[in-house]
Undergrad: 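Following this message is one structure expressed as structure tokens.
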Amino acid sequence: MGETKVCTQCNEENMLSEFYIDKRALDEHRSECKVCTRGSRLKYHFGITLNDYNKIKKQQDNKCCICKLSFDDVIAHLDHCHTTKQVRGILCSNCNQGLGQFKDNVDNLSGAINYLLTSKKKYDISI
């Protein structure tokens with residue numbers, strides 16, 4: 001059995017692999033376990049708990065809101081409004097980045113949809 005450490009947040013004893021590396025720490029690992037670190041980040045940046053996050057994932061059937069890809073196959077990303085910081089849902093990386101590329105703008109997204117629908121055989125060009 002490998003080395004263990006007690007998390008300063010949840011007081012659970014975990015394997016060192018359950019702690020992020022921190023070269024500044026005496027044992028070169030953070031004092032909070034990965035789960036507690038993630039929970040702290042969610043609370044600080046978005047005002048939700050890890051339980052809230054997991055509840056949202058469950059309500060979404062553990063799938064991306066847009067493309068329905070299972071989070072068993074991809075990493076889940078918390079989507080939020082960059083203006084209000086309000087959480088909108090959980091998306092896969094591609095869908096989350098796609099919204100960002102369109103600057104969360106409905107007109108831009110509608111334009112892209114219209115482009116895709118009308119451009120299929122618009123030009124008679126063979127490449």
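As the structure is a prediction and not an experimental result, all values here were calculated from the model.
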Undergrad: Using a cut-off of 6.0 Å, state whether more than 12 heavy atoms not belonging to L26 lie near its atom CG.
TA: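 Incorrect, the count does not exceed 12.
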Undergrad: Just verifying a value: how many Å separate L91 CG and C64 SG, rounded to the nearest 0.5 Å?
TA: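 So the gap between those two atoms works out to 4.5 Å.
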Undergrad: Quick one: does any side-chain atom of Q60 pair with a main-chain N or O of I90 as donor and acceptor, under 3.5 Å?
TA: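 Flag set: sc Q60 to bb I90 pair under 3.5 Å.
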Undergrad: Quick one: do I75 and S93 satisfy side-chain contact (heavy atoms from CB on, under 4.5 Å)? Show the steps, please.
TA: CA-CA 7 Å; I75 297 172; S93 181; 5.9 Å; no
Undergrad: Between C33 and Q9, does a side-chain contact (heavy atoms from CB on, under 4.5 Å) hold up when you go through it step by step?
TA: CA-CA 8 Å; C33 67; Q9 187 74 18; over 6 Å; no
Undergrad: Evaluate N62 against D72 for side-chain contact (heavy atoms from CB on, under 4.5 Å), listing each step before the verdict.
TA: CA-CA 8 Å; N62 198 43; D72 293 337; 3.1 Å; yes
Undergrad: Against D61, only a single residue in K58, K57, K63 fulfils salt bridge (charged side-chain N to carboxylate O under 4.0 Å, His left out); can you say which?
TA: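 The passing option is K63.
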Undergrad: Hydrophobic cluster membership, with links at side-chain heavy-atom distances under 4.5 Å among I/L/V/M/F/W/Y: are V35 and L78 in one?
TA: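 Shared cluster, yes.
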Undergrad: Taking the side chain as C-beta and beyond, is there a heavy-atom pair between T4 and N14 under 4.5 Å?
TA: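 T4 vs N14: side chains apart.
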Undergrad: Enter the distance from C7:SG to E32:CD here, rounded to the nearest 0.5 Å.
TA: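 Between atom SG of C7 and atom CD of E32 there are 6.0 Å.
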Undergrad: Taking the side chain as every heavy atom from C-beta outward, state whether C92 and H77 have any pair of such atoms under 4.5 Å apart.
TA: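 No, their side chains stay 4.5 Å or more apart.
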Undergrad: Counting distance only, does the side-chain N/O of N114 pair as donor-acceptor with the main-chain N or O of S110 below 3.5 Å?
TA: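 Checking the backbone N and O of S110 against the side chain of N114, no donor-acceptor pair under 3.5 Å is found.
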Undergrad: Answer yes or no: is there an ion pair linking D79 with R88, defined by an N-O contact shorter than 4.0 Å?
TA: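 The answer is yes: the pair qualifies as a salt bridge.
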Undergrad: If you draw a 6.0 Å radius around NZ in K55, do more than 12 non-hydrogen atoms from other residues or ligands fall strictly inside?
TA: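 Check fails, neighbour count at 12 or below.
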Undergrad: If you round to the nearest 0.5 Å, how far is CG of L117 from OH of Y115?
TA: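 If we round to the nearest 0.5 Å, Y115:OH and L117:CG are 12.0 Å apart.
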Undergrad: Roughly how far apart are E18 CD and T37 OG1, rounded to 0.5 Å?
TA: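 Answer rounded to 0.5 Å: 11.0 Å.
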Undergrad: Sequence neighbours left out, what passes side-chain contact (heavy atoms from CB on, under 4.5 Å) with S31? Give chain and number order.
TA: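 So S31 forms a side-chain contact (heavy atoms from CB on, under 4.5 Å) with T8.
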Undergrad: With hydrophobic residues grouped by side-chain heavy-atom distances under 4.5 Å, do I56 and L69 end up in a single group?
TA: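 Both belong to a single hydrophobic cluster.
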Undergrad: Please check this pair: side chain of K5 against backbone of D27, looking for a donor-acceptor N/O pair closer than 3.5 Å.
TA: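 Between the backbone of D27 and the side chain of K5 there is no qualifying donor-acceptor contact (under 3.5 Å).
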Undergrad: Is there a continuous path of hydrophobic side-chain contacts, each under 4.5 Å between heavy atoms, that joins F19 to L50?
TA: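 Hydrophobic grouping puts F19 apart from L50.
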Undergrad: Going by side-chain contact (heavy atoms from CB on, under 4.5 Å), name the residues that satisfy it together with I21, two or more places apart in sequence or in a different chain.
TA: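 Residues passing side-chain contact (heavy atoms from CB on, under 4.5 Å) with I21: K23, H29.
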Undergrad: Taking K103 for its side chain and G100 for its backbone only, find out whether a donor-acceptor pair lies under 3.5 Å.
TA: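 No: the side chain of K103 does not pair with the backbone of G100.
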Undergrad: Taking the cut-offs as 6.0 angstrom to the six-membered ring centre and 45 degrees off its axis, would you call R38 and Y20 a cation-pi pair?
TA: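 Judged by the rule, R38 and Y20 form no cation-pi pair.
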Undergrad: Going from CG on L42 to CG on N51, what distance comes out if it is rounded to the nearest 0.5 angstrom?
TA: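 Between L42 CG and N51 CG, I get 10.5 Å after rounding to 0.5 Å.
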Undergrad: Would F46 and L99 show up in the same hydrophobic cluster when neighbours are defined by side-chain heavy atoms closer than 4.5 Å?
TA: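 No: no chain of side-chain contacts under 4.5 Å links F46 to L99.
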Undergrad: Measure the CD-CG distance between Q101 and N96 for me, rounded to the nearest 0.5 Å.
TA: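 Answer rounded to 0.5 Å: 10.5 Å.
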Undergrad: Any chance you could lay out the side-chain contact (heavy atoms from CB on, under 4.5 Å) test for K43 and T49, step after step, and finish with the verdict?
TA: CA-CA 6 Å; K43 191 69 171 168; T49 66; 4.2 Å; yes
